[in-house]
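As structure tokens, the structure follows; a few thoughts come after it.
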Amino acid sequence: MEKYISIDIGGTAIKYGIINENGRILERREMRTEAEKGGPAILEKAVGIVNELKGRDAQEAGEISGICISTAGMVDTEKGEIFYAAPLIPNYAGTKFKAVMEKKFGIPCEVENDVNCAGLAESMSGSARNSSSTLMLTIGTGIGGCIVLDNKVFHGFSNSACEVGYMHMFDSDFQTLGAASILSKKVAERKGEPLQKWSGYHIFEEAKAGDETCIQAIAEMVDILGRGIANICYVLNPQTVVLGGGIMAQEEYLKGKIQGAVAGYLVPSIARCTTITFAKHRNDAGMLGAFYHFMEKHGKM
């Protein structure tokens, strides 16, 4: 059975492991990204991961058939390289994962944006399975988005489709107003306390216990998310909207509220036909999506 190395490069952690040809994750590992060291250091880490897994696997149970990479930043999926990245990862633009990996290891490598990978994973085998059109949003430090049509990511003319975090809202943008990181900053400022005291988890626990500051801050975030999601739905008219990111682990608290907020900003005929759901794959989404992207590129899906 063929096996693939899958690497998911995020701003904080790199998750990696081996996936078989049926999409089953055989093992998972994780290391710190150390994003501040920049693109060349991340490329070196990725090469080290492949060296480790490919060398060991060849000894134990046969050869690796491909390298699948999910990464932060805007990706040219044909060249397999980064063409734009936020300042969080210095010198990341221009990182040529595909060219370096294929030259060094002699096996195919494919690269895709991490949010696109998450959307593809949810569409293929997650919360949006059997959906003809899916909008995936990841709510974290920022807000990332992708659209999947019939299990294929829509990349747009220049590989920049669905960069919804930059969507203008009021005198700001969607992610500056609605990201999970803003929730923590807002609560800390209103309470006059250090930011590190107010993680998303702590805010939700206090809200459940009746803390009015936390309840109000979450309500404001939900309203922004509802407005933003509705605006995107007016353009894309997706069958399914999947919400991911660490804060969406609070599904029980958030689901009804976000569904209500979206419905409040959509005309009823669209609201009735739009399913709001939460991501199934969570921490595995990047690895799985990178694998599905690889298989699609090589005609194996």
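Annotation: Lys300, atom NZ; neighbour count of heavy atoms from other residues, nucleotides and ligands within 6.0 Å is above 12. Annotation: Glu36, atom CD; neighbour count of heavy atoms from other residues, nucleotides and ligands within 6.0 Å is above 12. In the displayed structure, Tyr201 atom OH is contacted under 6.0 Å by at most 12 heavy atoms of other residues, nucleotides or ligands. Within a 6.0 Å sphere centred on CG of Asn22, heavy atoms belonging to other residues, nucleotides or ligands number more than 12. The environment of Arg190 atom CZ is dense: over 12 non-hydrogen atoms of other residues, nucleotides or ligands sit within 6.0 angstrom. More than 12 non-hydrogen atoms from other residues, nucleotides or ligands lie less than 6.0 angstrom from CD of Glu205.
Ile5 pairs with exactly one of Ile107, Ile69, Ile64 by the side-chain contact (heavy atoms from CB on, under 4.5 Å) rule, that one being Ile64.
Ser125 and His281 share a side-chain donor-acceptor pair at under 3.5 Å. Side chains of Ser131 and Thr134: a donor-acceptor N/O pair is present below 3.5 angstrom, by distance only. Between the side chains of Gln239 and Ser133, no donor N or O sits under 3.5 Å from an acceptor N or O. Side-chain atoms of Asn151 and Tyr292 form no donor-acceptor pair, as typed in the model, at a separation below 3.5 Å.
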* Check against side-chain hydrogen bond (donor to acceptor under 3.5 Å, both in side chains), Glu212 and Gln216 -> CA-CA 6 Å; Glu212 287 298 330; Gln216 181 60 32; over 6 Å; no

* To do: Walk me through it: do Met248 and Ile258 pass the test side chain to side chain contact (heavy atoms under 4.5 Å, CB included)?
  => CA-CA 11 Å; Met248 293 305 156; Ile258 293 177; 4.1 Å; yes

* To do: Please step through side-chain hydrogen bond (donor to acceptor under 3.5 Å, both in side chains) for the pair Lys208 and Gln250, ending with a clear verdict.
  => CA-CA 11 Å; Lys208 292 169 190 175; Gln250 300 289 337; 3.0 Å; yes

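Every residue was checked against the side-chain hydrogen bond (donor to acceptor under 3.5 Å, both in side chains) condition with Thr274, not counting sequence neighbours, and none meets it. Residues satisfying the side chain to side chain contact (heavy atoms under 4.5 Å, CB included) test with Glu189, not counting sequence neighbours, are none. With sequence neighbours left out, the ring pair (Phe, Tyr, Trp, His ring centres under 6.0 Å) criterion links Tyr253 to Phe204. Here Tyr4 pairs with Phe291, Phe294 under the ring pair (Phe, Tyr, Trp, His ring centres under 6.0 Å) rule; sequence neighbours left out.
Applying the side chain to side chain donor-acceptor pair (under 3.5 Å) test to every pair with at least one member in residues 108-121, sequence neighbours left out, gives these pairs: Lys98-Glu110, Glu110-His298, Glu112-Asn116, Glu112-His155.
There is no path of hydrophobic side-chain contacts, each under 4.5 Å, that joins Tyr84 to Tyr92. Cluster membership for Leu88 and Ile182, using ILVMFWY side-chain heavy atoms within less than 4.5 angstrom, is not shared. Linking ILVMFWY residues whenever their side-chain heavy atoms come closer than 4.5 Å, directly or via other members, places Val47 and Ile18 in the same cluster.
Residues Lys191 and Asp211 are paired through a salt bridge, judged by an N-O separation under 4.0 Å between the basic side chain and the carboxylate. At a threshold of 4.0 Å, the pair Glu52-Lys45 does not count as salt-bridged, since none of the basic side-chain nitrogens sits closer than that to a carboxylate oxygen. Taking the charged nitrogens against the carboxylate oxygens, Glu27 and Arg29 do have a contact shorter than 4.0 Å, which makes a salt bridge.
Here the side chain of Asn20 pairs a donor or acceptor atom with the backbone of Gly23 at under 3.5 angstrom. At least one donor-acceptor pair under 3.5 Å links the side chain of Glu122 to the backbone N or O of Ser127.
Shown here for Thr141 and Ser181, the closest heavy-atom pair between the two residues is O-OG, 2.9 Å.
Listed by chain and number, the hydrophobic cluster partners of Met136 are Val242, where partners are ILVMFWY side chains within reach of under 4.5 Å, directly or through others.
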